[in-house]
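Note that the structure is a prediction, hence the values are computed from the model and not measured. Residues: numbered from 1 along the sequence shown.
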Amino acid sequence: MSIEGMFKKKINEDLKKLSKHESEIEKMLGDIKISCWVLVIPEVRTKELLKYCKSKEKKIPQLSYSIPKGISVKIETDDSFPSGSIFSRRYIGEEINVDISDINTEITEIWKSENSTFFDNICRKTNKFSESDLERLRTSLIRQYMQVEELMDAYRDQFPDLYTEVTSIAIVNLEALKNESLFVRDEPKNILMSLLQKNRDSIKTIEQSISNNNIEIFSSGLIARWLAECKMDFIINE
């Protein structure tokens, strides 16, 4: 049997149970009325499956626990239910991974021209690095900045709870960096390496497992974002 055939079989069997166990379901729901039945699947919905849902929807009788208009039948992926998606992935031990596109040199050059203030901040701060190839370093930071922006947008939309946790971690670690700089002055590279490790370690403590790839993009990208956007600067001992 094809995957689509299995889904149709599942839909048909489950919808029959709505009538077969009507009295038991009504007692369980109490005053709650049902407007929609949803099958959550891991794959993209097809037109044939959607048509099948509509055809089965018309055959559902008026039930004691349904709204007057009847029960609609839908198919969704877990992207439609962000909180439930995270819970289920945590339950089965599946890690979260969002694929992020590569950033080539042409795109970084466009970014420089469109974000001159941010690029000036990067240049000003990286001038204090003992780096032989500052151009390579700056290009790498721009790539990390763009990738973390894309990743954060994806998490904000798909996994809002995780997005909140990661951004909170970034704020806490940056605040710790600011406080430490009041008492200890260090080389910029050492400061950023320490912050990078703090980001990695902190994100790994989140209960939901995030892929190493995403952790690395968050950890380095949040630093690149700080270098570009924050007015703070490195204080070098003369």
Problem - Which residues share a side-chain contact (heavy atoms from CB on, under 4.5 Å) with Ser220, sequence neighbours left out - result: Gln144, Leu196
Problem - Counterpart residues, ring-ring contact (aromatic ring centres under 6.0 Å, His included), relative to Trp111 (two or more places apart) - result: Tyr145
Handout entry: Nearest atoms (heavy-atom pairs only) where Ser66 meets Ile71
Key = CB-CG1, 3.5 Å
Problem - With Lys10 via salt bridge (charged side-chain N to carboxylate O under 4.0 Å, His left out) - residues at least two apart - result: Asp14
Handout entry: Minimum-distance pair of heavy atoms, taken over all atoms of Ser219 and Asn199
Key = O-ND2, 3.1 Å
Handout entry: Side-chain H-bond candidate by donor/acceptor type, Glu109 with Ser113, under 3.5 Å
Key = no
Exercise for the section: Answer yes if the side chains of Ser72 and Glu57 hold a donor-acceptor pair under 3.5 Å, and no otherwise. Expected result: no
Practice task
Applying side-chain hydrogen bond (donor to acceptor under 3.5 Å, both in side chains), name anything that partners Thr105, two or more places apart in sequence or on another chain.
Solution key: Arg143
Practice task
Name all residues meeting the side-chain hydrogen bond (donor to acceptor under 3.5 Å, both in side chains) criterion together with Thr205; count only those two or more places apart in sequence or in a different chain, and write none if there are none.
Solution key: none
Handout entry: For Ile67, side-chain contact (heavy atoms from CB on, under 4.5 Å) partners two or more places apart
Key = Lys33, Ser35, Lys69
Handout entry: With sequence neighbours excluded, residues passing salt bridge (charged side-chain N to carboxylate O under 4.0 Å, His left out) with Lys59
Key = none
Exercise for the section: Name all residues meeting the salt bridge (charged side-chain N to carboxylate O under 4.0 Å, His left out) criterion together with Lys56; count only those two or more places apart in sequence or in a different chain, and write none if there are none. Expected result: none
Problem - salt bridge (charged side-chain N to carboxylate O under 4.0 Å, His left out) partners for Glu216, two or more places apart - result: Arg200
Completion exercise
By side-chain contact (heavy atoms from CB on, under 4.5 Å), Ile107 pairs with (sequence neighbours left out) Ile103, Asn104, Met146
Practice task
Could I get the full list of side-chain hydrogen bond (donor to acceptor under 3.5 Å, both in side chains) partners for Asn121, not counting sequence neighbours?
Solution key: Arg124
Problem - Contacts of Thr164 that satisfy side-chain contact (heavy atoms from CB on, under 4.5 Å) - sequence neighbours left out - result: Ser168
